[in-house]
Amino acid sequence: MERLFDTLHAHLINVLENLKQAEVLPQEADLSNVALEQPKDETHGDLATNAALVLAKQAKTNPRALAEQILPKLLEHKAIKSGDVAGPGFINLRITGDAWLSEAQLVLADSEAYTKTDVGHGQKVMVEFVSINPTGPIHIGHGRNAVLGDTLCRLLEKTGYNVYREYLVNDAGNQILTLVLSVHARYLELFGEKLELPEDGYVGEYIIEIAQALKDKDGNKWLTVICPDELLSELREFCVNACMDLTKGDLDELGIWFDRYHSEWEMHQQGDPLAKAVKALREKEYVYEGKLEAPKGKDIKDYQPVDLTLFKATEYGAEQDKPIYNRRGNATYFGQDIAYHQHKLDRGFERLITVIGADQQGNFTPLKWALEALTGYKDVLHPFYYAHVKTLRDGQPVKLSKRAGNIIALSDVVREVGGDVYRFHMLTRKGDTPLTFDLAKAVEKSMDNPVFYVQYAYARMAAVFRQQEEMGIPSVDASQADTSVLNSQQAINVLRHIILYPQMLEKASVAVEPHRIAFYAMDFAAAFHSWYNAEKFLDAENLPATYARLLVVQAAQLVLKDVLAVMHVTAPEKM
RNA sequence: GCGCCCAUAGCUCAGUUGGAUAGAGCAACUGCCUUCUAAGCAGUCGGUCGGGGGUUCGAAUCCUCCUGGGCGCGCCA
């Protein structure tokens, strides 16, 4: 697929290489910072390059003089209508109508191929996301994690990565015992016994539902069992599965799925990846036996230093080294994380991305160090941090769900505002920006709620083609299209968005910033709305002009549909 | 005490990884429906990019020091 943008970029590089031959540029000139980009101000041109600015110093001349030497060579390409040197030395270019039109036809020929790129080169990347403890329903904050993670996966897939989605089911910790005991207490209550919840037990009504299901399945089988260890081993799987079913159901409503739900408990049954990791780290002298000082900033009575297996976190600037095993010889949380990530590496993943709350940085950073020490690569593990979601209704705090255990349940919110609104809203902030979600505003059909703005643009495109049929305008004949009408600022702005779409995806993918897709979508919709208001597309008296515009609208519709698909937001034909 | 994140228009936020006169939406005000959907468009108003210093052709962006906010900080989970 020969996209216009790629063609012109290659042309630009070729021109610069030729200038090296002509000794205008030094042989060793570095072209890596040369960019073909969209000027901020559209009156500056359809595309612009900073080449002269970047290379002036190396060529020992001033940027504007160099630009004047580059420009005529660039103009030799038939897709370029005109160009000029502007500002400190930018070269602004304008595209011919014919080139725009053939670009639209390229999109129409195969929009799938047009929008797909390959920065990933098939690299095996695992994205771990959601991974909440299997102890209850998912809440609205976790939903942000889910949407960011899922959109990131779709984005990575589109840009050529081989993506694997994993959910870590943390079913091996103490919280599972608490879950089992909470369910059992409710189970006893169903048989008329007095309720005695365990300390810090789970209080949501879903626990009663799980207890009821247990009763329906096993009758009074567990009535006389009181030993916690026995209850844990017998009921662990049932309770965890019941909770995971709640979570999976909630995620399913948003169209989110995983390649694997990775059970920590099962991993431990099958082997000990931690031993392998510790051995490797010990060989590299990142792990040793030693004692720790009492932690600073806290009052701890009777602190007794003991020998522990420690990771040299101080090598990376930490205050203290990190224990991998506690004094009883069990893996610490840090140790468990290393084990799990060793397991990921063992499965052949070259890059590990984890979508994780910003409050987890204190835990995650040492893990990043440990992986760096293990693999020798700095960025194998890439945390994608996201900030808290604050939920309001008309500026007031939202009532918590008793059923879900005093949280704001994701499923309640999605049921109220719809999946499209929720998903899009979660993408309208950069991940590490705290986000406020107002349920009352979310259903308003205003610019407070930009998902409608974007969907409306799509619906308007669809309406154009319905109207075309009603007016009896024949289907588009590209060979008769009059490209001279594609010269308005508004039309070109739409076209410019189309050709920059694959670029935008690549950049968002490399930066691990899925929110850029939402901002692009709003921008693109604005460009279309503006064009829609400025010109009438359908003119039965002038079919060649109509054909040219309709070709662009068709291409725009395919691109917008693709954008919405990456965010997994529906593209309505009518609103 | 230490580490990480943040500070941009009255409010909520972007800012294409160092580029041109710092941009949107909301709010306020002014216009545009006999015309492909007004869930829209065009415009006005609004800025010491928290502050000082540095790096260079060029800084909201990079370095440094302040100020002010948020999160985290046992061998717990």
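Below, chains carry the letters A, B, ... as their sequence lines are ordered, and counting in each starts from 1. Side chains included, hydrogens not; waters and symmetry mates left out as well; all remaining heavy atoms used.
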Note to self: At less than 4.0 Å, is any side-chain N or O atom of A:Arg549 found next to OP1 or OP2 of B:C36? Yes or no.
What the structure shows: no
Note to self: So if I take every side-chain heavy atom of A:Met575 and compare against B:U37, B:C41, B:A20, which nucleotide ends up nearest?
What the structure shows: B:U37
Item checked: Distance in angstrom units between A:Lys322 NZ and B:G3 P, rounded -> 16 Å
Margin query: Classify A:Tyr532 by what it touches in the nucleic acid, base, sugar-phosphate, or nothing, heavy-atom distance under 4.0 Å.
Written below: base
Next item on the list: May I have the distance from A:Lys536 (atom NZ) to B:C33 (atom C1'), rounded to whole angstrom?
Entry: 12 Å
Notebook entry, point to check: Between A:Arg460 and A:Tyr532, is NZ or CZ placed under 6.0 angstrom from the six-membered ring centre and within 45° of the ring axis?
Noted result: yes
Check: With both distances under 3.5 Å as the test, what is the Watson-Crick or G-U wobble partner of B:G23?
Finding: B:C13
Next item on the list: Just call it for A:Glu506: base, sugar-phosphate, or nothing, with non-hydrogen atoms closer than 4.0 Å on any strand.
Entry: nothing
Next item on the list: Round to the nearest Å and state the distance from A:Arg327 atom CZ to B:C75 atom C1'.
Entry: 6 Å
Checklist line | P atoms of B:A7 and B:G50, separation to the nearest Å | finding: 7 Å
Check: So, is B:U17 syn or anti if syn means the angle is within 90° of 0?
Finding: syn
Close N or O pairs between protein and nucleotides 13-15 of chain B (under 3.5 Å):
unit_1 : atom_1 : unit_2   : atom_2 : d
B:C13  : OP1    : A:Pro434 : O      : 3.2
B:A14  : OP1    : A:Lys430 : N      : 2.8
B:A14  : OP1    : A:Thr433 : OG1    : 2.8
B:G15  : OP1    : A:His515 : NE2    : 3.2

Margin query: What's the gap between B:A27 and B:U21 when it is taken at their P atoms, as a whole Å value?
Written below: 31 Å
Notebook entry, point to check: Are any of A:Tyr456's side-chain N or O atoms less than 4.0 Å away from OP1 or OP2 of B:C36?
Noted result: no
Margin query: Strictly by Watson-Crick or wobble contacts shorter than 3.5 Å, is anything paired with B:U48, and which nucleotide is it?
Written below: none
Note to self: I need the CD1-C1' distance between A:Ile356 and B:C5, as an integer number of Å.
What the structure shows: 14 Å
Notebook entry, point to check: Under 4.0 angstrom, heavy atoms only, what part of the nucleic acid is A:Ala318 near: base, sugar-phosphate, or nothing?
Noted result: nothing
Notebook entry, point to check: Within this structure, what is the CD-to-P distance between A:Glu469 and B:U37, rounded to whole angstrom?
Noted result: 13 Å
Checklist line | Centroid-centroid distance, A:Phe452 to A:Tyr456, less than 6.0 Å | finding: no
Checklist line | A:Asp307 atom CG: more than 12 heavy-atom contacts under 6.0 Å | finding: yes
Check: Under a 3.5 Å cut-off for both distances, is B:A42 Watson-Crick or wobble paired, and to whom?
Finding: B:U30
Check: On a whole-Å scale, what distance lies between the C1' atoms belonging to B:U55 and B:U61?
Finding: 13 Å
Next item on the list: Run the numbers on A:Ile70 and A:Leu74 for side chain to side chain contact (heavy atoms under 4.5 Å, CB included), then give the verdict.
Entry: CA-CA 6 Å; A:Ile70 299 173; A:Leu74 284 176; 3.9 Å; yes
Check: Under 4.0 angstrom, heavy atoms only, what part of the nucleic acid is A:Asn133 near: base, sugar-phosphate, or nothing?
Finding: nothing
Next item on the list: Between B:U67 and B:G53, how far apart are the C1' atoms? Round to whole Å, please.
Entry: 15 Å
Note to self: Measuring only the P atom in each nucleotide, how far is B:G18 from B:C29? A whole number of Å is fine.
What the structure shows: 42 Å
Notebook entry, point to check: Between A:Tyr325 and A:Trp531, which is nearer to the 5' end of RNA chain B once each is assigned its nearest nucleotide?
Noted result: A:Trp531
Checklist line | Whole angstrom value for the distance that separates P of B:A42 from CG of A:Asn493 | finding: 10 Å
Notebook entry, point to check: Heavy atoms under 4.0 Å, any strand shown: does A:Ala48 hit a base, just sugar-phosphate, or nothing?
Noted result: base
Item checked: cation_pi(A:Lys312, A:Tyr286) dist<6.0 Å, angle<=45 -> no
Note to self: Nearest heavy atom decides the nucleotide; on that basis, is A:His44 or A:Asn326 closer to the 5' end of RNA chain B?
What the structure shows: A:His44
Margin query: Taking CD in A:Glu469 as the centre, count heavy atoms belonging to other residues, nucleotides or ligands within less than 6.0 Å. Is the count above 12?
Written below: no
Notebook entry, point to check: Can you check whether A:His262 and A:Tyr167 have ring centres sitting under 6.0 Å from each other?
Noted result: no
Check: For A:His9, what residues pass the ring-ring contact (aromatic ring centres under 6.0 Å, His included) criterion, not counting sequence neighbours?
Finding: none
Notebook entry, point to check: Reckon A:Glu37 touches a base, only the sugar-phosphate, or nothing at all at heavy-atom distances under 4.0 Å?
Noted result: nothing
Margin query: Can you measure A:Asn363 atom CG to B:C2 atom P for me and round it to whole angstrom units?
Written below: 21 Å
Margin query: Between B:G15 and B:C2, how many Å separate the two P atoms, rounded to a whole number?
Written below: 31 Å
Margin query: Are A:Trp531 and A:Phe537 an aromatic pair, judged by ring center distance below 6.0 Å?
Written below: yes
Check: On a plain distance test, is the side chain of A:Asp41 in donor-acceptor contact with the base of B:A22 below 3.5 Å?
Finding: no
Next item on the list: Look through every strand shown and name the nucleotide pairing with B:G3 as Watson-Crick or G-U wobble, where both distances are under 3.5 Å.
Entry: B:C71
Checklist line | B:C75 versus B:C71 - spacing of their C1' atoms, nearest Å | finding: 23 Å
Notebook entry, point to check: Does a side-chain N or O from A:Asn174 land closer than 4.0 Å to OP1 or OP2 of B:A77, or not?
Noted result: yes
Margin query: Anti or syn, where syn is a glycosidic angle within 90° of 0; which label fits B:G74?
Written below: syn
Check: For B:C62, what is the paired nucleotide under Watson-Crick or G-U wobble rules, both distances under 3.5 Å?
Finding: B:G54
Next item on the list: Under 4.0 Å between any heavy atoms, over every strand shown, what does A:Ala511 touch: base, sugar-phosphate, or nothing? Just pick one.
Entry: base
Notebook entry, point to check: Do A:Tyr458 and A:Phe528 have ring centroids that are under 6.0 Å from one another?
Noted result: no
Note to self: Please classify the nucleic acid contact of A:Lys574 as base, sugar-phosphate, or nothing, using heavy-atom distances under 4.0 Å.
What the structure shows: base
Next item on the list: Using the P atom on both, measure B:C63 against B:C6 and round to a whole Å.
Entry: 11 Å
Item checked: A:Arg466: partners by salt bridge (Lys or Arg N to Asp or Glu O under 4.0 Å), with sequence neighbours left out -> none
Margin query: Among B:A20, B:A42, B:A39, which nucleotide has an atom closest to any side-chain atom of A:Phe452?
Written below: B:A39
Item checked: Glycosidic class, syn or anti, of B:C33 using a 90° window around 0 -> syn
Notebook entry, point to check: Paired with B:C36 by Watson-Crick or G-U wobble geometry, both distances under 3.5 Å: which nucleotide is it?
Noted result: none
Next item on the list: Send over the distance from A:Ile338 CD1 to B:C75 P, rounded to a whole Å.
Entry: 12 Å
Notebook entry, point to check: With a non-hydrogen cut-off below 4.0 angstrom, is A:Asp539 in contact with a base, only sugar-phosphate, or nothing?
Noted result: nothing
Check: Choosing from B:C36, B:U37, B:C41, which nucleotide comes nearest the side chain of A:Arg466?
Finding: B:U37
